> 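Quick one: this structure, given as structure tokens, is what I'll be asking you about.
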Amino acid sequence: MVQTKKMLQRPRRNRKSEVIRQMVQETHVSAANLIFPLFIIEGENQKSEVSSMPGIYRYSIDNLLREVESCLKLGLNSFDLFPNIDEALKDKYATESYRDESLYLRAIRAVKKNFPEACVVTDVAMDPYSSDGHDGIMENGEILNDETLEVLGKMALAHAQSGADIIAPSDMMDGRVGYIRKVLDDNKFTNVSIMSYSAKYASAFYGPFRDALNSAPKFGDKKTYQMNPANQGEALIEARLDEAEGADFLMVKPALPYLDVIKLIKDNTELPVAAYNVSGEYAMIKAAIQKGWLNEQRAITEVLTSIRRAGASVILTYHAKEVLENKWI
Ligand code: PBG
């Protein structure tokens, strides 16, 4: 027999039954923590699946309203909207992004009119509307920072006027949080929040999203504005700036490959931290599930729990609806 008398700590005691395991569980995921990204297309009664994101669709506004309604019934109350813009409407300056009758602004107004209780998060960045497929104004192969801020300000104001609850700038231009905050405040939108994509990395995991919106860069990459995946300290610089400029939430994106960054930012701020469990993370899990290589419920809940454990209060995730529909959380 092994000598065990002196073993005062036996951590397995706290795992001996389901009741005790639940009693001592440190992290939970609930509907209140989740934001569901939704893709929008022009037309009527349209619903087209994103081929690299099984189970995720682009909806025309009428079907978007049906989708939002079914989510609200599940207790899923927050949505982040993204538009798929007709190529003919794109230009160098993303002017479609603040045109009053644009698909996006009509969608925001429709959701808020029909479901005032829903929390609508809007994406501020030029790429879905840019003929260059970039998040900023491009000239001679360079992204112009300060000129881009003007476009972002117009876009954010149009979103606020259309009823957005939270504005989420995903562009990574310097100074955009402060600039957008000022535009909103000058126009009396002091109650509209800013969820800043603070540490947004130049990641391979956005591929399926760009398929969904047909928004991939026409040339070059996003490395002069999105962060180098190898850097951690730089995330703190970005987070501190955004906090000083008036952000209400600090976001890390992607989520799973950057759990250390979520934790780092969480440990250095009192603001709520958000994490975006992006399209490529979703695609990866779904592909393995389709092949029968992972257990769906266990893999998905483990992913979401891990993002919360790392320190994220809020998770933007394409899994939001299915976890509630299936009562996995
Ligand atoms: C655009 C934007 C992107 C995502 C959210 N907003 C793509 C990009 O920066 O190229 C990615 C989301 C996802 O992959 O799920 N500014």
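Each ligand, and each atom within it, is numbered from 1 in the order the structure gives. FYI, the numbering just counts along the sequence from 1. Computed from a predicted model, the values in this text were never measured in an experiment.
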> Please list, in number order, the atoms of ligand 1 under 4.0 Å from a heavy atom of R210.
8 (C), 10 (O)
> Does D171 approach ligand 1 within less than 4.0 angstrom via side chain, backbone, both or neither, non-hydrogen atoms only?
neither
> Note the single closest protein heavy atom to atom 8 (C) of ligand 1, along with its residue, its atom name and the distance in Å.
K222 NZ, 3.3 Å
> Considering the heavy atoms of A125, write down every atom of ligand 1 situated less than 4.0 Å from one of them.
16 (N)
> Are side-chain N/O atoms of E96 and Y129 paired as donor and acceptor at under 3.5 Å?
no
> Please report which non-hydrogen protein atom sits nearest to atom 4 (C) of ligand 1, along with the residue it belongs to and the distance in Å to one decimal place.
K253 NZ, 2.5 Å
> Looking only at side chains, do S70 and K321 share a donor and an acceptor under 3.5 Å apart?
yes
> Backbone, side chain, both or neither: what part of D127 comes under 4.0 angstrom of ligand 1, heavy atoms only?
side chain
> Counting only heavy atoms, which portion of Y318 has something under 4.0 Å from ligand 1: side chain, backbone, both, or neither?
side chain
> For atom 2 (C) of ligand 1, what's the nearest protein heavy atom and its distance?
K200 NZ, 3.3 Å
> Against the six-membered ring of Y206, is K253 placed for a cation-pi contact (under 6.0 Å from the centre, within 45° of the normal)?
yes
> Show your working on ring pair (Phe, Tyr, Trp, His ring centres under 6.0 Å) between H159 and Y104 and close with a plain yes or no.
CA-CA 9 Å; H159 294 180; Y104 198 60; 5.0 Å; yes
> Between Y197 and ligand 1, does any nitrogen or oxygen pair lie at a separation below 3.5 Å?
no
> More than 12 foreign heavy atoms under 6.0 Å from CD of E302: is that the case here?
no
> Taking M284 as the starting point, is it possible to reach M53 by hopping between hydrophobic residues whose side chains are less than 4.5 Å apart?
yes
> Using a 3.5 Å distance criterion without hydrogens, assess whether the side chain of S131 forms a donor-acceptor pair with backbone atoms of K92.
yes
> Return yes when Q226 approaches ligand 1 closer than 4.0 angstrom through a heavy atom, no otherwise.
yes
> Nearest to atom 14 (O) of ligand 1, what protein heavy atom do you find, and at what distance?
S279 OG, 2.7 Å
> Centre of Y197's six-membered ring, under 6.0 Å away, within 45 degrees of the axis: is that where NZ or CZ of K200 sits?
yes
> Count I, L, V, M, F, W, Y as connected when their side-chain heavy atoms are under 4.5 Å apart, and connections chain through other members. Are I237 and Y225 then in the same cluster?
no
> State the atoms of ligand 1, each with its element, that fall below the 4.0 Å cut-off from a heavy-atom position in S170.
1 (C), 2 (C), 6 (N), 16 (N)
> Which atoms of ligand 1 sit under 4.0 Å from any heavy atom of Y276?
12 (C), 15 (O)
> From atom 7 (C) of ligand 1, work out which of Y201, F209, Y225 has a heavy atom at the shortest distance.
F209
